[in-house]
A.B. asks: 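First the structure, then my questions, so here it is.
Here is the naming used below: chain letters follow the sequence lines, and residue numbers restart at 1 for every chain.
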Amino acid sequence: MLFQTIHKLVSTVTFKTTIKLTLVVMCVISTVAVLLAWYSLHQADNELKHEISEFKEEIVSIYNDGGLVALQDEFEIEELEIWSKEESDNRIHDDEILYVLTAKSLGVIAGTKSLILQDKEWYWQDYALEEESTSLLSHKFNLDTRYELILSRAKHHEHYEIKENLASGLFWLVLISPILALVIGFTLSRTVLKHMQGISDELERVSKSSRTSRLTVNSKFVEFNQVRLAINAMLDEMAVLHRDIETMSVGIAHDLKTPLSRVANRLQLMQQDIEDKSMTELHLERANEQLTVVLSTFTNIVRLSEIESGKRKQQFKSLNLSQLISDMADNYEPLFTDTGRLLDISVVDNVFCNGDPDLLNQMLNNLLENALDYSDENANVWVRLQHHTSGVLLQVGDSGPGISDADHDKVFSRFYRADISRNKPGNGLGLSIVQAVCKLHDAEITLLKNQTGATFNINIPIN
Amino acid sequence: MKILLVEDDNETAEFIKHGLNQQGETVQHEMDAKKGILAASTIEFDVIIFDRLLPSMDGINAVKILREAQILTPVIILTALSETSERVAGLNAGADDYMVKPFAFSELYARLKALARRQPMQEQIIELAIGDLLLNRTTRKVSRAGKILDLLPREYQILEYLLKHPNQLITKTMLLEQVWGFSFDPKTSLVQTHVSRLRTKVDKPFSDDLIKTVRGSGYVISNNS
């Protein structure tokens with residue numbers, strides 16, 4: 001049980017990231033510390049060199065003015081002597097400068113004898129004290145042709161302090177940070193896991209309760225609220241889709257119920273009139289007509305889903321839209337004239353676009369059919385194609401009576417029928433197909449507001 | 001007519017066989033694509049009806065095999081798939097017509113007749129005629145009893161199609177497909193209106209009608225009144 005819990009906590013992204021980040025931070029801090037220490041040590045060495053140089057200048061100037069005697073006076077030395085090792089050690093302890101005075105003919109005549117002499121201007125050397133050892137920086141120069149002087153001074157105490165501090169700092173860093181990382185990782189991981197578990201528990205509850213049920217958004221932490229809000233938005237979207245499917249199923253049921261009950265009626269009538277051949281034939285014919293309506297509803301549902309799937313986009317070809325629209329309108333012109341309506345066709349020439357001619361024909365067919373079925377007798381109907389910003393505008397409209405404002409948003413919905421009695425032919429899919437064809441062609445269709453009749457504007461982009 | 005029917009669904013096969021037998025046609029029925037191909041390559045038929053979805057093979061492939069074997073008997077494909085792309089695939093494979101189930105028997109029969117009587121050379125005939133009606137496909141001039149008729153392009157196309165299939169039932173759907181190129185069914189009286197206008201020009205001024213309406217089915221152009 002405990003092992004499982006630990007395994008769960010350790011497997012989270014939060015935990016792993018915390019550990020990784022801590023290790024990275026640890027490496028960065030160590031590198032910076034080492035670099036800083038190196039820089040400080042370098043600075044300290046430079047300072048030491050600078051001190052020795054200054055001291056040398058002072059000595060050279062005094063020597064040039066008054067020779068060895070002046071130097072002896074200046075440093076209050078009664079006679080030139082050579083120090084014992086002990087004396088030298090004491091001077092190093094007191095952080096004083098050691099010197100070695102050499103006469104070319106006689107060798108060392110004063111100062112410490114315990115130093116190693118090298119034939120270099122500047123050099124480092126180790127110096128063993130009683131309990132420890134230290135590094136000395138030595139500088140060798142000639143006072144004149146007879147005397148040579150070597151000045152040496154031990155590294156400052158700070159130098160060793162920096163080194164020690166760095167070592168102990170790094171030691172604690174390496175020791176503590178993994179422990180800290182584990183603690184932070186576990187804590188963070190547990191907090192996040194707890195919130196996620198909360199969300200998933202709630203989701204389980206929501207999935208089992210009513211369709212309007214949503215996640216609560218009351219977490220103290222903004223990120224978890226965001227997740228909850230996003231999930232709620234998704235649930236809303238799903239509810240809309242669900243409602244759409246429901247509306248559609250009800251629509252299909254309604255649309256099929258009317259013709260099917262008419263078929264049922266005709267079958268009963270046939271039974272009653274079975275002796276009367278001409279009546280039986282009439283009932284048969286009527287029943288057949290109603291079944292055609294049912295089948296055409298299914299055909300249109302399949303057609304609509306074929307269009308919406310976007311498959312037909314692959315068959316797009318360049319076509320003369322002006323020609324297609326003119327031909328289609330010319331086709332319908334007699335139908336309008338015969339029913340006392342007037343069809344006005346005004347189409348600009350030679351507009352080309354990429355599209356599916358069969359679908360565009362059906363789109364126009366559906367719009368013109370609607371105009372025929374739903375406009376007043378003696379109505380004016382028009383089909384116009386004109387150039388427009390970024391494409392062409394196709395307008396199909398009639399002079400009345402139009403669609404009530406309340407229904408404006410619904411006209412493109414599947415199975416919407418202005419004719420509630422369902423006495424006029426059609427299945428409420430006509431404008432859904434029109435909209436789907438428009439969408440496939442990246443065209444935008446709108447039903448204009450505040451018009452006496454129904455006017456559809458279709459903005460078609462032209463490549 | 002001698003017809004080969006390749007259809008695995010018994011219900012549909014019975015429906016077609018019954019109708020064809022009533023019309024006095026001879027039908028050979030096969031349930032399987034391979035047997036269908038075998039029959040088609042050994043016996044000469046006037047027309048073949050192939051179901052699209054057969055258990056062992058797609059009807060489209062069967063048509064391809066027939067055409068590759070140089071069997072050029074007209075083929076009509078029956079299918080439950082109504083997508084236009086399917087129709088195009090069928091015609092591309094070498095089928096001569098394509099019908100979506102369910103269909104009216106009269107529609108199928110009209111199409112079978114049209115396919116069976118089609119003359120290979122028909123496309124090259126310049127002058128089509130019936131009775132005293134003449135249509136010249138080069139000059140696109142139409143005259144009846146020596147009088148020139150002024151037809152609109154669409155009316156000309158309808159008349160040309162009818163004249164290519166004289167004495168045969170031409171259904172509304174056939175006209176929509178062949179003259180308008182529509183793969184959908186307009187709910188309006190589009191075909192009726194145009195045919196009626198054509199008839200005002202072709203028949204009304206004369207004593208007898210050449211274009212006849214077959215109620216609920218379609219039109220026939222014929223000389224015997």
Side-chain angles (χ1 to χ4, degrees), chain A residues 281-282 284-286 288-289 291-307 309 311-315 324 326-328 330-339 356-373 424-427 429-430 433 437, chain B residues 15 19 52 79-89 91-92 98-107 151-158 171-173 175-201 213-218:
Chain A
E281 265 176 13
L282 175 78
L284 254 176
E285 200 177 309
R286 292 280 181 272
N288 241 328
E289 279 167 15
L291 280 177
T292 315
V293 172
V294 175
L295 291 174
S296 107
T297 301
F298 282 114
T299 310
N300 276 312
I301 292 172
V302 174
R303 180 101 173 161
L304 188 59
S305 93
E306 186 199 2
I307 299 168
S309 75
K311 267 190 278 179
R312 304 221 7 184
K313 214 156 187 160
Q314 290 153 9
Q315 297 164 31
L324 184 141
S326 301
D327 282 353
M328 211 51 198
D330 285 343
N331 261 329
Y332 277 87
E333 202 269 332
L335 278 78
F336 283 93
T337 317
D338 286 3
T339 53
D356 183 320
D358 185 46
L359 291 183
L360 291 170
N361 273 334
Q362 181 163 22
M363 176 185 91
L364 283 159
N365 167 77
N366 289 8
L367 287 170
L368 290 167
E369 251 176 31
N370 270 358
L372 259 179
D373 284 342
K424 292 197 176 176
N427 46 40
L429 288 172
I433 289 179
V437 173
Chain B
F15 167 64
R52 171 72 205 267
T79 180
L81 308 167
S82 63
E83 274 103 334
T84 329
S85 49
E86 298 294 335
R87 179 191 175 80
V88 172
L91 297 181
N92 281 347
Y98 193 96
M99 274 189 85
V100 178
K101 293 180 196 174
F103 46 81
F105 177 76
S106 56
E107 181 75 37
L151 300 185
L152 292 170
R154 192 67 77 195
E155 293 159 358
Y156 174 87
Q157 284 174 292
I158 298 170
T171 65
K172 202 181 105 184
T173 322
L175 284 176
L176 278 171
E177 280 176 16
Q178 301 298 326
V179 175
W180 275 270
F182 286 180
S183 64
F184 55 90
D185 179 20
K187 287 284 146 297
T188 48
S189 49
L190 185 70
V191 177
Q192 291 92 314
T193 306
H194 282 271
V195 172
S196 129
R197 294 211 157 194
L198 175 66
R199 293 173 76 173
T200 348
K201 291 176 182 174
T213 307
V214 180
R215 234 186 89 201
S217 302

A.B. asks: Measure the spacing between CG of B:Leu190 and CG of B:Asp185 and express it to the nearest 0.5 Å.
C.D. replies: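 That separation rounds to 10.0 Å.
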A.B. asks: Please classify the contact between A:Glu289 and chain B as side chain, backbone, both or neither, with a heavy-atom cut-off of under 4.5 Å.
C.D. replies: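 It is neither, since no heavy atom gets under 4.5 Å.
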A.B. asks: Pick one of side chain, backbone, both or neither for A:Thr292, based on which atoms fall under 4.5 Å of a heavy atom in chain B.
C.D. replies: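 For A:Thr292, there is no contact with chain B at all, as no heavy atom is under 4.5 Å.
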A.B. asks: Checking heavy atoms, do the side chain of A:Ser309, its backbone, both or neither come under 4.5 Å from chain B?
C.D. replies: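 No part of it gets close to chain B.
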A.B. asks: Could you list the residues that satisfy salt bridge (charged side-chain N to carboxylate O under 4.0 Å, His left out) with B:Glu155, not counting sequence neighbours?
C.D. replies: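 Expected list: B:Lys201.
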A.B. asks: Less than 4.5 Å apart, any side-chain heavy atom of B:Leu151 and any of B:Ile158?
C.D. replies: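 SC-SC contact between B:Leu151 and B:Ile158 ruled out.
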A.B. asks: Examine whether an atom of A:Leu295 lies under 4.5 Å from a heavy atom of chain B, and if so say whether it belongs to the side chain, the backbone or both; otherwise answer neither.
C.D. replies: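 Side chain only.
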A.B. asks: Between A:Asp358, A:Asn288, A:Asn331, who has the most heavy-atom pairs with chain B when the cutoff is under 4.5 Å?
C.D. replies: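 Most heavy-atom pairs under 4.5 Å with chain B: A:Asn331.
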A.B. asks: If I take atom CG from residue A:Leu429 and atom CZ from residue A:Phe298, how far apart are they, to the nearest 0.5 angstrom?
C.D. replies: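 Nearest 0.5 Å value for the CG-CZ distance: 11.0 Å.
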A.B. asks: Just wondering, more than 12 heavy atoms not from B:Phe105 lying within 6.0 Å of its CZ?
C.D. replies: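 Counting neighbours around CZ of B:Phe105, more than 12 heavy atoms of other residues, nucleotides or ligands fall under 6.0 Å, so yes.
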A.B. asks: Let me know if A:Asn365 has heavy atoms under 4.5 Å from chain B in its side chain, its backbone, both or neither.
C.D. replies: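 Contact with chain B is through the side chain of A:Asn365 alone.
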A.B. asks: Of the backbone (N, CA, C, O) and the side chain (C-beta and beyond), which part of A:Gln362 lies under 4.5 Å from a heavy atom of chain B, both, or neither?
C.D. replies: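 Both backbone and side chain.
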A.B. asks: Does the distance from a Lys or Arg side-chain N to an Asp or Glu carboxylate O, for A:Lys311 and A:Glu306, drop under 4.0 Å?
C.D. replies: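 Salt bridge flag = no for A:Glu306 with A:Lys311.
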